[in-house]
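Worksheet for the structure shown next.
Hydrogens, waters and symmetry mates are skipped; everything else that's a heavy atom, side chains included, is used.
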Amino acid sequence: MTADQGQSFEPGATIGILGGGQLGRMAALAAARLGYRVHVYCPDADSPASQVTARTTVAAYDDRAALEAFAEAVDVVSFEFENVPAATAEFLAERRPTRPAPHVLHTTQDRLREKDFLTSIQVPTTRYVAVTRAEELESAVRAIGRPCVLKSARFGYDGKGQVRIDGTTDLAEAWARMGADLGILEAYVDFTQEVSVIVARGVDGSCSAYPPVENKHRHHILDTTIAPARLPQPAAMKAEAMSRHVAEALGVVGLLAVEMFVTEAGEVLVNELAPRPHNSGHWTIDACVTSQFEQFVRAVCGLPLGSTEHHSDAVMKNLIGDEVNAWREILAEPGAKLHLYGKAEARPGRKMGHVTRLSPKS
């Protein structure tokens, strides 16, 4: 039983967001500009999102009493990261419209289910095989070939739970480093670019996509996004069309980020899905008519989707760890737009903020 009957919610309503990170923070700021309130549910006190919202519930995701009270206090529920327990999403979906729906979380929070889903709708991915225990890894590597990448099926992000296997890798050590009970082994993709497309899908099934962007990673963490991507037109069109197809087939209401590899031959392979605002969409705050965060609010609340037209080209640079200490120099730089996330401690690998540099649209 679901509480979602396709309702729309007018300004003044309260959006409940599961997760208190920077994505929730920027979504809450966009919601406030449209006249909505945001209530954050997060296990951590003084989270980035809670700093800009009037109300926060600090509780574990399996605290049924806290979830019940949270549901009573909000009109519609969404989330800013996909590793919310499925049982939590299902519990809330019985009480309030929850967008995207729990089945979207169920699919995208497990890499194996995600790849199986993509295969079922004829979306190309790299070759892969499930590895359910350490003893299966040797035969899986023989089937896929080296080099390949072993990933944990669940709870991986920013390169966590991933191990590259090349000609000299000890497989027992690789399994231990992966650190999970269920893995997925993927063929290595010799790509020329990593790109992503963010698609919004409304309650009425309408879809709107931002242009593909090019992503550059450092130590498995997104470092820089170039918007729009420097792609040949056929590859750009293919990436956008595939992303729309995935969002529609998955039945997303909200945002879906589709991360892809582009090969030398122009082949586009889907790597991962994220049913929420995405780091590679931060450039839209400063360079688009409608930011990804405003679009998120529009979609979740059942409003008309906004224009995804970009008025400027952009390069977004994450400020990771101590890089945030350059905030004063960035503020002094003409044309640089600084966004800080309110995190107290700059740790290695931690995203502390980002800066977007605009240039005339090409």
In the structure I gave you, are the side-chain heavy atoms of [X] and [Y] within less than 4.5 Å of one another anywhere?
X      : Y      : result
Tyr36  : Val297 : yes
Arg164 : Pro147 : yes
Asp313 : Pro228 : yes
Ser312 : Ser359 : no
Met178 : Glu173 : no
His339 : Asp286 : yes
Glu68  : Arg64  : no
Ile226 : Lys216 : yes

State plainly whether the residues [X] and [Y] are in salt-bridge range, i.e. N to O under 4.0 Å.
X      : Y      : answer
Arg298 : Glu294 : yes
Arg350 : Glu323 : no
Glu114 : Arg111 : no
Glu82  : Arg276 : yes

For residues [X] and [Y], report the shortest heavy-atom separation together with the two atoms involved.
X      : Y      : result
Thr356 : His282 : OG1-O, 4.5 Å
Phe296 : Pro277 : CD1-CD, 3.8 Å
Ala27  : Phe293 : N-CD2, 3.5 Å
Ala130 : Leu112 : CB-CD2, 3.4 Å
Val213 : Ala227 : CG1-CB, 3.6 Å
Pro97  : Phe9   : CG-CZ, 3.8 Å

I'd like to know if the side chain of [X] and the backbone of [Y] have a donor-acceptor N/O pair within less than 3.5 Å.
X      : Y      : result
Glu80  : Gly24  : yes
Asp44  : Ser47  : no
Gln109 : Val84  : yes
Thr169 : Leu171 : no
Glu272 : Val270 : no
Lys351 : Asn318 : no
Thr284 : Gln292 : yes

With rounding to the nearest 0.5 angstrom, report the [atom1] to [atom2] distance, [X] to [Y].
X      : Y      : atom1 : atom2 : answer
Thr225 : Asn279 : OG1   : CG    : 6.0 Å
His354 : Ile320 : NE2   : CD1   : 12.5 Å
Leu92  : Thr2   : CG    : OG1   : 11.0 Å
Asn215 : Thr224 : CG    : OG1   : 9.5 Å
Ser8   : Asp204 : OG    : CG    : 10.5 Å
Ile165 : Trp175 : CD1   : CH2   : 10.0 Å

Just list the side-chain donor-acceptor pairs under 3.5 Å for residues 179-190, sequence neighbours left out, or say none.
residue: Glu186; atom: OE1; partner: Lys151; partner atom: NZ; Å: 3.0
residue: Glu186; atom: OE2; partner: Lys115; partner atom: NZ; Å: 3.0

Is it possible for you to say whether [X] and [Y] belong to one hydrophobic cluster, with membership spreading through side-chain heavy-atom contacts below 4.5 Å?
X      : Y      : value
Leu29  : Leu23  : no
Val76  : Val74  : no
Phe91  : Leu18  : yes
Ile221 : Met352 : no
Val203 : Ile198 : no

Notebook entry, point to check: Under the salt bridge (Lys or Arg N to Asp or Glu O under 4.0 Å) criterion, do Asp75 and Arg96 qualify, and how do the steps go?
Noted result: CA-CA 6 Å; Asp75 296 294; Arg96 289 291 183 269; 5.5 Å; no
Note to self: Under the side chain to side chain donor-acceptor pair (under 3.5 Å) definition, can you give me all pairs with a residue in residues 97-107, not counting sequence neighbours?
What the structure shows: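 Side chain to side chain donor-acceptor pair (under 3.5 Å) check on residues 97-107 returns Asp4-Arg99, His106-Arg113.
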Next item on the list: Take Tyr41 and Leu67 through the side chain to side chain contact (heavy atoms under 4.5 Å, CB included) test and state the conclusion after the steps.
Entry: CA-CA 8 Å; Tyr41 189 109; Leu67 289 170; 3.6 Å; yes
Note to self: Is it the case that the side chains of Thr119 and Asp116 hold a donor-acceptor pair, with the cut-off being a distance below 3.5 Å and no angle test?
What the structure shows: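 Per modelled atom types, Asp116 and Thr119 side chains form no pair under 3.5 Å.
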Mark yes when over 12 heavy atoms from residues, nucleotides or ligands other than [X] sit less than 6.0 Å from its [atom1]; otherwise mark no.
X      : atom1 : answer
Lys337 : NZ    : no
Glu333 : CD    : yes
Arg37  : CZ    : no
Gln7   : CD    : yes

Next item on the list: Could you walk me through whether Leu319 and Asn325 pass the side chain to side chain contact (heavy atoms under 4.5 Å, CB included) test, one step at a time?
Entry: CA-CA 9 Å; Leu319 301 175; Asn325 294 335; over 6 Å; no
Margin query: So that I know where these two stand, are Tyr210 and His310 an aromatic pair - ring centroids less than 6.0 Å apart?
Written below: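 Judged by ring-centre distance (under 6.0 Å), Tyr210 and His310 do not meet the cut-off.
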Next item on the list: Please assess Ser280 against Ser196 for the test side chain to side chain donor-acceptor pair (under 3.5 Å), listing each intermediate value before the final yes or no.
Entry: CA-CA 7 Å; Ser280 69; Ser196 59; 2.8 Å; yes
Less than 3.5 Å apart, which donor and acceptor atoms pair up between the side chains of residues 253-269 and the rest of the protein, not counting sequence neighbours?
residue: Glu259; atom: OE2; partner: His278; partner atom: NE2; Å: 3.4
residue: Thr263; atom: OG1; partner: Ala265; partner atom: N; Å: 3.4
residue: Thr263; atom: OG1; partner: Glu267; partner atom: N; Å: 3.1

Margin query: Restricting to salt bridge (charged side-chain N to carboxylate O under 4.0 Å, His left out), what partner residues turn up for Glu72, sequence neighbours left out?
Written below: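 Expected list: none.
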Donor-acceptor pairs under 3.5 angstrom involving side-chain atoms of residues 51-58: please list them, not counting sequence neighbours.
residue: Gln51; atom: OE1; partner: Arg25; partner atom: NH1; Å: 2.8
residue: Gln51; atom: NE2; partner: Asp46; partner atom: OD1; Å: 3.4
residue: Gln51; atom: NE2; partner: Gly342; partner atom: O; Å: 2.9
residue: Thr53; atom: OG1; partner: Ala49; partner atom: O; Å: 3.3
residue: Thr57; atom: OG1; partner: His39; partner atom: NE2; Å: 2.8

Mind listing the side-chain donor-acceptor pairs of residues 243-252 below 3.5 Å, one per line with the distance, residues two or more places apart or on another chain?
residue: Ser243; atom: OG; partner: Ala239; partner atom: O; Å: 2.8
residue: Arg244; atom: NE; partner: Glu240; partner atom: OE2; Å: 3.2
residue: Arg244; atom: NH1; partner: Cys207; partner atom: O; Å: 3.4
residue: Arg244; atom: NH2; partner: Glu240; partner atom: OE2; Å: 3.2
residue: His245; atom: NE2; partner: Ile121; partner atom: O; Å: 3.0

